[in-house]
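Some notes on the structure that comes next.
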Amino acid sequence: MNQATAIVALMKRDLRAFLRSRSQLYSSVLFPLMLLAILGTGVSDGLDPKHIRDYVTFLTPGMIAMTAVFSSTFSSASYYQDRDSGVLKVLLASPHSPRVILLGKTLSAVVIGAVQALLVLAVAAAIPAIHFRWQYGVAWSLLAAVFAIVVLNLFLSGLGQLLASKIRTMQGFHLVMNLVLFPFLFFSGAFFPLTDLPVWLKVLGRLNPLSYGVDMMHLALYANGDGGYFGLPMDLAVLTALAVAVFYFGTSRSVSPDR
Amino acid sequence: MKIAAAPGAADRTFAPTHPAAVEVRDLVYRYGERRALDGLSLAVPAGAIFGLLGPNGSGKSTLLSVLIGRRIAESGEVTVLGEPLSNRQRARIGMVFQEPSLDPQMTVGETMDLQARMFGLRRDAGAARTRALLDRVDLADRADALTATLSGGMKRRLELARALLNSPELLLLDEPTLALDPDSRLRLWEHLLEANAEGCTLLLATNDVAEAERYCRTVALLDEGRLVAQGLPEDLKRDLRHESVRIEWVEEPSDEVAMMEAWPGVGHVRLAGHTTHVTVDEASPFLARLFQQTGDRVRGVRIEATTLEDVYFQLVGRGITSPAGAEGGAS
């Protein structure tokens with residue numbers, strides 16, 4: 001039985017469901033852009049941050065990371081919808097291992113998350129008030145940003161599956177994802193640089209997987225001549241290792257249609 | 001209408017190639033401390049319409065879950081279509097679950113297409129078989145409709161069509177007609193009988209006695225995860241008293257149950273509120289004695305044919321369809 005065919009079929013199904021849900025599609029792009037406009041302009045004009053030369057552009061990588069966070073949360077929750085609608089047990093009664101089913105669902109979450117984040121990046125690039133520096137040249141910088149987006153989504157979708165294996169209800173899942181991921185987002189360097197933070201927050205920032213993704217996107221899109229908070233080699237190494245490990249364990253979890 | 005087997009699923013005919021479609025031996029499965037399957041052994045002949053009959057909690061659904069690989073038995077042997085159960089083996093099995101199992105955001109056609117891809121059918125073969133099956137279950141004109149817009153009977157027929165997509169040699173059915181109206185039940189059974197006529201073994205879990213008697217050639221009576229009896233419905237009933245009398249009492253009877261049990265020719269007496277169900281050798285002398293001794297307390301009587309419910313009650317001491325504890329009586 002061709003596993004790749006099954007995985008692609010599952011991905012197509014989830015992607016189709018995402019495209020049909022227009023409200024999710026539009027809000028996933030509009031919400032970060034709205035935050036960019038309101039928060040970016042508000043902080044730039046109202047607070048006049050001393051250390052950030054162009055806050056709206058600085059904020060953009062953070063908004064892209066936030067898009068990935070929200071998207072992976074929503075997509076991972078589709079596991080609960082499949083369980084509650086009874087579709088999961090039908091899939092598990094097919095001639096494929098639970099791992100193939102989970103792989104199809106998780107990969108579709110990665111694709112949806114990455115597409116949403118790339119849409120935000122594309123729209124942001126077209127806004128005159130946002131000035132990407134592309135310090136490695138447009139092609140390489142873009143490649144680095146896309147890589148960061150994809151790997152970040154791999155990590156977040158794997159994390160979503162790991163949490164879904166422990167949490168019984170969708171409501172509980174959303175609660176825990178918000179509880180875990182919002183703090184991650186706040187001390188990731190998405191909204192303010194990690195450089196000037198107190199030591200304890202810097203430590204948390206260093207332990208935070210999102211920080212490496214945001215740093216890599218800052219390097220690709222915002223930085224101009226500096227080496228970033230962690231540096232590109234460190235970002236690449238940590239992000240890739242964590243994403244691969246978490247995705248692997250997330251898709252290896254046991255699946256029961258009854259819980 | 002006869003439908004060709006799915007070419008992409010397997011190059012085979014529906015003709016059964018194994019003496020037993022399912023064979024389980026000493027099967028044990030626990031939910032915590034409770035043994036849902038308690039050393040269950042039984043064999044389902046290939047090509048049969050085989051009913052697993054028992055009340056809720058007797059282990060019927062758990063057995064089907066084990067057979068489809070959703071649950072792993074603690075001990076015992078499972079052989080399906082001549083081989084131990086594996087992922088690949090599931091390509092030869094279809095399943096209709098007790099609870100609804102359709103994605104409300106998918107159309108009828110998409111539901112079938114996903115199943116075809118999951119079972120490795122080639123696109124053209126899957127499309128052709130989908131058309132034929134949707135036509136068979138009268139859903140061809142609803143292919144583009146979201147499953148959420150279908151009626152209960154249509155949803156069940158779609159679930160059946162989906163389960164038949166891979167041309168299964170064995171079809172597992174968990175209470176397939178539950179909550180369906182009589183007309184929908186009849187139509188669903190027409191499709192099931194067609195599939196069986198083409199050689200597909202049907203293994204049905206039910207607590208609907210009338211349905212089991214009407215359609216199943218063989219039944220296995222289950223109680224608390226154990227096999228109580230197995231055989232043709234007629235054979236199982238043959239050992240029982242021949243007639244069954246239903247008595248409606250004016251008031252809830254008290255001493256009457258013990259009194260009737262002591263009468264010659266009386267088999268089992270079941271009490272449910274103001275009604276008792278009595279199996280007897282012959283109804284006439286029993287009724288004469290009943291009216292003689294309790295006439296003013298009887299509101300009405302009805303002579304009925306004995307059913308598998310009576311067999312079950314004789315063997316287990318309680319009924320199939322009534323919730324546990326609702327019936328009293330003795331055997």
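Numbers restart at 1 for each chain; the letters A, B, ... are given by sequence-line order, proteins then strands.
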For residues 100-110 of chain A, the salt bridge (charged side-chain N to carboxylate O under 4.0 Å, His left out) pairs (sequence neighbours left out) are Asp14(A)-Lys105(A), Asp82(A)-Lys105(A)
In this structure, CD1 of Ile64(A) is separated from CG of Leu221(A) (nearest 0.5 Å) by 5.5 Å
**Study point:** More than 12 heavy atoms from other groups under 6.0 Å of OH on Tyr31(B)
**Key:** yes
Could you tabulate the donor-acceptor pairs under 3.5 Å formed by side-chain atoms of residues 173-188 of chain A, not counting sequence neighbours?
{"residue": "Asn178(A)", "atom": "ND2", "partner": "His174(A)", "partner atom": "O", "Å": "3.3"}
{"residue": "Ser188(A)", "atom": "OG", "partner": "Leu185(A)", "partner atom": "O", "Å": "2.7"}
{"residue": "Ser188(A)", "atom": "OG", "partner": "Ala190(A)", "partner atom": "N", "Å": "3.3"}

If you tally heavy-atom pairs under 4.5 Å between each of Val90(A), Leu91(A), Thr5(A) and chain B, the highest tally belongs to Val90(A)
Taking a cut-off of under 4.5 angstrom between non-hydrogen atoms, the residues of residues 102-112 of chain B near chain A are Leu102(B), Asp103(B), Pro104(B), Gln105(B), Met106(B), Thr107(B), Glu110(B)
Answer key: most heavy-atom pairs under 4.5 Å with chain B among Ala17(A), Ser94(A), Ser21(A), Ala9(A) is Ser94(A)
- Query: Are Ser71(A) and Gln116(A) linked by a side-chain donor-acceptor pair shorter than 3.5 Å?
  - Reply: yes
Those residues at least two apart in sequence (or on a different chain) that pass side-chain contact (heavy atoms from CB on, under 4.5 Å) with Val100(A) are Gln3(A), Ala6(A), Ile7(A), His96(A), Ser97(A)
Given the options Ile72(B), Asp38(B), Leu37(B), Leu63(B), Tyr29(B) meets side-chain contact (heavy atoms from CB on, under 4.5 Å) only with Leu37(B)
Honestly, the part of Glu159(B) sitting under 4.5 Å from a heavy atom of chain A is neither
